[in-house]
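Fair warning: this is a prediction, and the values are worked out from it, not measured in the lab.
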Amino acid sequence: MTVTGEAGIMDDASTLLAQVAAGPGPVSPAVYDTARLASLVPGLPGHERRISYLMRSQSADGSWGEADGYAVVPTLSATEALLARLRSGEDRVAGAAAAGVRWLAARPAGAPVPDTIAVELIVPALVRDINDHLAALPAYEGTRVGLPRGFDGAALEVLRQPGRSLPSKLWASLEILGPAARRAHGITPADGAVAGSPAATAAWLGDEASAEEPAAQYLLRIQDSDGAVPGVTPITFFERAWVLASLAGQATAPSAILDSLERALGEHGAPAAPGIPPDADDTAAVLHALALHGRPRSPGCLLSYQADSYFKCFPGERNPSISTNAHVLEALGGHPGFTSEAAMVARWLLGQQDADGSWLDKWHASPYYATACCVLALAARGGPAARPALKSAAAWVLATQRRDGSWGRWRGTIEETAYAVQVLRTAGGQHSAEAVARGQEYLREHDDPAKYPPLWHAKDLYAPVTVIRAARLAALA
């Protein structure tokens with residue numbers, strides 16, 4: 001996608017919206033889910049390619065994934081899958097499996113593990129499976145992998161009790177049940193997918209199923225040429241809502257997109273995609289996107305997620321989400337009947353800002369995402385009390401720009417640079433003009449969607465490519 005001036009931006013925005021209307025966009029492959037398929041459904045076509053993908057994507061130190069603890073879950077998943085295949089006679093994986101075991105065994109127990117989806121259940125489940133494999137392999141006699149500090153497996157044991165049903169919010173993590181996940185009672189795939197999760201779908205399907213079954217067809221449909229699969233797909237309503245919000249004012253939204261978002265809203269709001277339970281984040285984003293494009297709806301359905309001082313993303317949530325509450329503020333702020341709730345959320349967001357001026361959220365690895373969400377919401381709906389926080393956020397963004405004009409937690413990226421530019425244009429004032437210009441120049445010179453690094457939280461990190469492309473256009477507009 002090439003951007004040349006305002007006319008080019010509007011043309012690209014229209015093209016992107018047309019693509020979104022035609023169907024869900026791509027999502028980056030995930031080591032965690034690809035490894036779950038390799039372990040749980042080795043008979044599914046593409047298995048050899050999946051094994052090759054895992055071995056090829058392993059880092060020199062034996063791990064998979066990013067820094068700061070983000071390697072734990074994908075490394076556990078990949079190592080378990082390779083050990084399972086080693087026990088089945090696939091000797092070519094022996095070296096990669098051994099390197100994964102060494103990395104896991106050497107990792108300090110007290111090193112932090114990020115709060116990704118169902119991490120408190122996935123880590124104990126995979127550690128148990130890995131240790132079962134190690135006990136059965138003579139070459140690993142006496143070798144065990146320990147649980148990170150703070151993980152005990154107690155919640156997993158409760159969920160694995162016979163006859164216990166899995167809460168709907170955990171359907172996307174069905175694989176934690178082990179053999180009991182196969183054809184689990186009460187769980188029906190939507191268009192073949194269990195809660196939009198390839199790993200959960202593979203666990204539900206089992207390896208003896210026919211490749212003609214809808215669940216198997218879903219897994220075959222979403223794999224790429226390497227046999228790898230995304231961590232979450234489809235993301236139909238999530239993708240459409242985020243893209244519409246980013247491109248508001250740049251292009252006219254196709255009525256088919258707006259119609260689909262209106263139909264997605266039910267008694268408890270909207271989900272990320274069909275077959276997934278609704279949540280406050282997607283609900284708020286859908287409401288905000290509809291309002292921006294001339295179809296306002298009452299945000300009353302959000303009230304079922306209200307807690308004492310903030311809004312929960314879903315019932316039974318362990319930790320609140322900053323970006324969800326920023327989106328809730330945007331959805332509530334334009335409706336006179338919800339001023340007290342909007343003021344409550346604004347106060348809560350202001351109280352969550354870090355001392356350096358940034359925010360960090362549980363749905364994204366980068367503070368630039370959460371900071372952009374909060375700045376955009378508070379600038380529009382936070383009132384005078386938000387001004388010091390906005391100034392502090394802009395100062396943090398200015399101070400963290402890289403030499404090449406980009407921004408990023410681990411390295412400069414298109415996505416994070418787009419968020420940083422939006423923060424400065426919203427709250428930076430005239431003194432940030434040079435930084436904005438340098439950031440926009442970086443965005444113009446760098447754009448390869450195939451290389452967008454995964455930064456969004458699922459069980460593993462992932463990149464919703466179309467959402468990121470829209471954020472880039474918004475920063476250039």
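Around CZ of R403, the count of heavy atoms belonging to other residues, nucleotides or ligands within 6.0 Å does not exceed 12. At most 12 non-hydrogen atoms from other residues, nucleotides or ligands lie less than 6.0 angstrom from CD of E434. Environment of CD in E267: sparse, with no more than 12 heavy atoms of neighbouring residues, nucleotides or ligands closer than 6.0 Å.
In this structure, D361 contributes its side chain and A370 its backbone to no donor-acceptor pair below 3.5 Å. Distance alone, capped at 3.5 Å, places no donor-acceptor pair between the R36 side chain and the P198 backbone. Although no hydrogens or angles enter the test, the distance criterion places no donor-acceptor pair under 3.5 Å between the side chain of D354 and the main chain of W359. The main-chain N or O of A427 is never found under 3.5 Å from a side-chain atom of K391 such that the two would form a donor-acceptor pair. A side-chain donor-acceptor contact under 3.5 Å links T34 to the backbone of V229. Formation of a donor-acceptor pair under 3.5 Å by the E239 side chain with backbone atoms of G25 is found in this model. Put simply, the side chain of H288 never gets that close to the backbone of A284: no donor and acceptor are under 3.5 Å apart. For T75 (side chain) and V72 (main-chain N/O), no donor-acceptor pair under 3.5 Å exists by modelled atom type. Of the possible donor and acceptor atoms, none in the side chain of H185 sits under 3.5 Å from a partner among the backbone N and O of S165. In this structure, S197 contributes its side chain and A172 its backbone to a donor-acceptor pair below 3.5 Å.
Atom OH of Y442 and atom CD1 of I414 lie 5.5 Å apart (nearest 0.5 Å). L360 CG to S366 OG: the interatomic distance, rounded to the nearest 0.5 Å, is 8.0 Å. The structure places CD of Q401 at 8.0 Å from OG1 of T417, a figure rounded to the nearest 0.5 Å. Atoms OG and CG, from S246 and L473 in turn, are 9.0 Å apart once rounded to the nearest 0.5 Å. Between the CG atom in L205 and the CG atom in L40 there is a gap of 10.0 Å [rounded to 0.5 Å]. Taken to the nearest 0.5 Å, the CD1 atom of I187 stands 4.5 Å off from the CG atom of L174.
R411 has a carboxylate O that lies under 4.0 Å from a charged side-chain N of E66, or vice versa, which qualifies the two as a salt bridge. Remark: E213 engages R183 in a salt bridge, criterion side-chain N to carboxylate O under 4.0 Å. The pair E441-R438 does not count as a salt bridge, with every side-chain nitrogen at least 4.0 angstrom from each carboxylate oxygen. A salt bridge between E330 and R381 is absent, with no side-chain N of the basic residue lying under 4.0 Å from a carboxylate O of the acidic one. Contact check on K362 versus E317 returns a salt bridge, with a Lys/Arg side-chain nitrogen under 4.0 Å from an Asp/Glu carboxylate oxygen.
Within the 4.5 Å cutoff, the side chain of T116 has no heavy atoms near those of the D460 side chain. V232 is listed as a side-chain neighbour of I235, based on a closest heavy-atom distance under 4.5 Å. Using a 4.5 Å heavy-atom cutoff, the side chains of I276 and W171 are not in contact. For the pair Q353 and S392, the minimum side-chain heavy-atom distance is below 4.5 Å. Taking 4.5 Å as the limit, every side-chain heavy atom of T339 sits out of range of all side-chain heavy atoms of L332. Side-chain contact check for Y32 versus I122: some heavy-atom pair is nearer than 4.5 Å. The shortest distance between side-chain heavy atoms of L261 and L265 does not fall below 4.5 Å. Contact of the F237 side chain with the P24 side chain is not registered, since no non-hydrogen atoms from C-beta on lie closer than 4.5 Å.
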**Report entry** Test side chain to side chain contact (heavy atoms under 4.5 Å, CB included) applied to R409 and D68, step by step
**Finding:** CA-CA 11 Å; R409 174 174 178 170; D68 300 333; 3.0 Å; yes
Report task. Go through Q306 and L303 one step at a time and tell me if the side chain to side chain contact (heavy atoms under 4.5 Å, CB included) criterion holds. Result -> CA-CA 5 Å; Q306 186 173 350; L303 297 183; 3.8 Å; yes
Query raised in the report: Going through the checks in order, is the side chain to side chain contact (heavy atoms under 4.5 Å, CB included) test met by E262 and L258?
Result: CA-CA 6 Å; E262 287 187 327; L258 298 172; 5.6 Å; no
Requested in this report: Begin from the C-alpha positions of Y305 and H268 and carry the test side chain to side chain contact (heavy atoms under 4.5 Å, CB included) through to its verdict.
Outcome: CA-CA 9 Å; Y305 299 96; H268 298 292; 3.9 Å; yes
Query raised in the report: Are E175 and K459 close enough, and set up right, to give a salt bridge (charged side-chain N to carboxylate O under 4.0 Å, His left out), and what steps lead you there?
Result: CA-CA 12 Å; E175 67 273 14; K459 300 167 211 173; 2.8 Å; yes
Report task. Run the numbers on Y368 and W396 for ring-ring contact (aromatic ring centres under 6.0 Å, His included), then give the verdict. Result -> CA-CA 10 Å; Y368 294 99; W396 171 74; 4.6 Å; yes
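The two residues P230 and I222 have their closest heavy-atom pair at CD-O, 3.7 Å. Residue A471 comes nearest to A418 through the heavy atom pair O-CB, 3.5 Å, listed as atom of the first residue, atom of the second, then distance. Of all non-hydrogen atoms in S323 and D281, the two that sit nearest each other are O-OD1, 4.1 Å. Closest approach of W407 to A435, counting heavy atoms only: CH2-O, 3.7 Å. Across all non-hydrogen atoms, the minimal contact from P277 to K169 is CG-N, 4.5 Å. The minimum heavy-atom distance between D191 and R221, with the atom names listed, is O-NH2, 3.5 Å.
There is a side-chain donor-acceptor pair under 3.5 Å between D447 and Y452. Side-chain contact, S321 with K312: no donor N or O sits under 3.5 Å from an acceptor N or O. A donor-acceptor pair shorter than 3.5 Å cannot be found between the side chains of E341 and H335. Judged by distance alone, the side chains of S309 and R347 never bring a donor and an acceptor atom under 3.5 Å apart. For the residue pair Y218/Q223, the side-chain donor-acceptor check at 3.5 Å is not satisfied.
Between W242 and W456, the ring planes lie perpendicular to each other; the angle is over 60°, past the 30° to 60° tilted range.
Residues Y70 and W64 keep their aromatic ring centres 6.0 Å or farther apart. Residues Y369 and Y419 place their aromatic rings such that the two centres sit under 6.0 Å apart.
No option in R472, R469, H364 other than H364 meets the side-chain hydrogen bond (donor to acceptor under 3.5 Å, both in side chains) test with E415. Of the residues V397, L398, L424, V423, the one that meets the side chain to side chain contact (heavy atoms under 4.5 Å, CB included) test with V436 is L424.
For the pair R182 and W204, the cation-pi criterion (under 6.0 Å, within 45° of the ring axis) is not fulfilled.
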